[in-house]
Every structure is written in C-alpha cells, then in structure tokens.
Amino acid sequence: MKKIIQNIYLLLAIVACWSCVEDELTTYESNKDSIYFTYSKEGHLATSPFDSLFYSVGLVPSGFTDSLISIPVKIIGKTTDYDRAFSLELSDRSTAVEGTNFKFESELTIPAGEVSSEILVRLYKTPDIAEDTVMLDFNLLPNDHFNTDMKSLINQFGVEELSYINFEVYLTGTITEPAYWFAPFLGPFSEKKILLMAEVLGIDPLIFTKSGVSVSKMMYYGKAMKRYLDIERAAGNTIYELDGSEMEMGPYF
C-alpha cells in the first residue's frame, strides 16, 4: 500500500512539472514579410489612425513654391542585412499630375536592419490649385520582397473603415484649419489669423500641419498674440476677422 501511494505522489509530481512547461512562443511566419501604411494602423502620436491626409499649400509662405511631406510605411516580419525595395502605384483615381503637382523624392526602400521607411513627396504650389483640390491616390503592391496581406480594418458591421495599403493625399491651395491647431490657446481658426501670426511672431504657418509643437510653444503663441491684439486695441486699431467679429485667442487667455 505504501508503495502504491509513493507511486501516486510520483505521478502527480510528474504531471505538475509537465503543466509548468511553457508553450513555445508562436512567432510571425510567412513566406514573405508584409508591408502597410503606418498612419492607417498606428495613427500619429495622439491622433487616431487615418488613411488620408488633407494638405494645404496655401499655408506655404509666399516666398516658397513647394513643401516636402513624409508618408511612413512599416513591415510585419523580420529585418534583413540588405535593403529591400517595395512597390507603389498611383491609382486611376489620382487627379494630381506627377512633375506638375508633385514628385517623389525618395527611394522606395526598407533599409537593411530596419522595419520601417518613408515615402517623401514634394508638393508644388501651382496656380492651377489656388482655388481647387487635387488628389494623389497611392496603392502598395506586392513584390519579390513583400506581400500586402494586411489590407484593411473591417468594423463590427462588416464595413471597411481604414485601408492599410491605400493612402490618399488631398492637395489644395485654399487655406483650411491645420491638423495641429490647438484652439484652447489659439482660439477659432481663420486664414487671416494664421497669416497674421506668421507675420507678427515670425513663424512658419506650416508648423501647425506637423506634430511636435510643444504645449509650451502653443501657450507662448497664444499669449504673445493676445498681448499683440490687446496693444492694437488700446491704440485704437482693433483687429477684426473677415466676418467683422473681433479677433480673439483661445479661452485659456
């Protein structure tokens, strides 16, 4: 009997040890790595994911005729010790003309040892888009190095919400509220206000189209412009918006 009990304990110990063995970690496996547009999956800093970008060259200072934008791409898979080209096409939906409205400024390559890269596109400020909008419609394509397995985000209703392999850039000469305009400090957006801020503060209005402007800088811009507007008002030169209302900064000031 004692022998039987010892055998039972031994068996239980073996089973316990076996249950403690961790399953082997499953890693991503595919014949080829897959590539996608980073913004569509991860967004940018505090912003939500997006698969289109609205860009106003109307904000480019009068002395400039073009602006450079970056569209990041990323891969699912492993790094290599050599550069890998990826493929891109302009779809038939594009209305922007290469060489006139834009041109590519970078090689379409994932560098050795990296899992990400960027597509650099130079956008031109041309008379034909002064009051119009043209569109660049990009598609990532599979090639010898990459698949495009991750195609889109489908919501719970079966509707495609975001594309991971298609990206649109809307290019316009009109001035619209930029992505990083912080209204609590800067107040309601207007074309007159942003151009006046560029003149008074000596800043490039395009900074509000890019991430990275710190909260302290936004606060400085708001305070400095509030001081300027107060001084002008006291001098009898109240600054008005185009609709006749008095220009104001954000509610924090």
Side-chain angles (χ1 to χ4, degrees), residues 39 42-72 95-96 100-102 120-136 168-253:
Y39 285 150
E42 303 172 16
H44 194 285
L45 297 181
T47 65
S48 300
F50 53 93
D51 57 8
S52 62
L53 178 66
F54 195 87
Y55 191 89
S56 173
V57 289
L59 290 174
V60 176
S62 57
F64 291 83
T65 58
D66 59 82
S67 185
L68 192 66
I69 66 168
S70 169
I71 304 171
T95 56
T100 299
N101 302 122
F102 75 98
L120 295 178
V121 185
R122 190 168 297 279
L123 305 176
Y124 292 105
K125 186 179 182 181
T126 54
D128 63 306
I129 60 168
E131 300 296 333
D132 198 4
T133 300
V134 294
M135 181 186 70
L136 292 75
E168 300 169 346
V169 178
Y170 293 87
L171 175 63
T172 182
T174 60
I175 297 179
T176 56
E177 182 173 340
Y180 298 97
W181 180 268
F182 192 59
F185 292 157
L186 306 179
F189 174 82
S190 72
E191 177 178 338
K192 182 175 181 179
K193 181 187 288 185
I194 195 170
L195 295 179
L196 181 62
M197 288 175 63
E199 178 184 343
V200 172
L201 304 178
I203 59 175
D204 180 352
L206 285 174
I207 64 172
F208 299 113
T209 67
K210 307 169 185 177
S211 63
V213 182
S214 65
V215 173
S216 59
K217 271 195 173 181
M218 288 284 191
M219 184 179 294
Y220 164 73
Y221 296 151
K223 282 185 176 180
M225 279 304 296
K226 175 70 164 56
R227 188 182 312 115
Y228 170 82
L229 295 175
D230 289 345
I231 291 173
E232 291 298 304
R233 186 189 307 107
N237 182 35
T238 301
I239 307 298
Y240 294 98
E241 298 282 8
L242 295 180
D243 64 1
S245 61
E246 185 175 346
M247 185 177 291
E248 296 180 345
M249 302 312 292
Y252 284 22
F253 302 116

Asp230 bridged to Arg233 by N-O distance under 4.0 Å: yes
Where Asn101 and Ile129 come nearest, the two heavy atoms and their spacing: ND2-CG2, 4.1 Å
Value rounded to 0.5 Å, distance of NZ in Lys226 from CD1 in Ile231: 10.5 Å
Nearest-0.5 Å distance, CG of residue Leu123 to CG of residue Asp66: 8.5 Å
4.5 Å side-chain heavy-atom contact, Met218 and Leu186: yes
Greater than 12 external heavy atoms within 6.0 Å of Lys217's NZ: no
Val215 side chain near Phe185 side chain, heavy-atom distance below 4.5 Å: yes
From CH2 (Trp181) to CD1 (Ile207), nearest 0.5 Å: 9.5 Å
From Glu246, Glu248, Glu232, residue fulfilling side chain to side chain contact (heavy atoms under 4.5 Å, CB included) relative to Ile239: Glu232
Nearest heavy-atom neighbours spanning Ala198 and Pro205: CB-CD, 3.9 Å
Whether over 12 other heavy atoms sit under 6.0 Å from Phe54 CZ: yes
Side-chain heavy-atom pair Leu196, Met225 within 4.5 angstrom cut-off: yes
Value rounded to 0.5 Å, distance of OH in Tyr55 from CD1 in Ile69: 7.5 Å
Ring geometry between Tyr221 and Phe208 (parallel below 30°, tilted from 30 to 60°, perpendicular above 60°): perpendicular
Donor-acceptor contact below 3.5 Å, side chain Ser52 vs main chain Val169: no
Backbone N/O of Met247 and side chain of Lys193: donor-acceptor pair under 3.5 Å: no
Check: Tyr228 and Val200 side chains under 4.5 Å, non-hydrogen atoms: yes
Any Phe189 side-chain heavy atom under 4.5 Å of Ile194 side chain: yes
Residue pair Thr95 / Val134: nearest heavy atoms and the distance that separates them: OG1-CA, 3.4 Å
Straight-line distance of Ile71 CD1 to Leu120 CG, nearest 0.5 Å: 9.0 Å
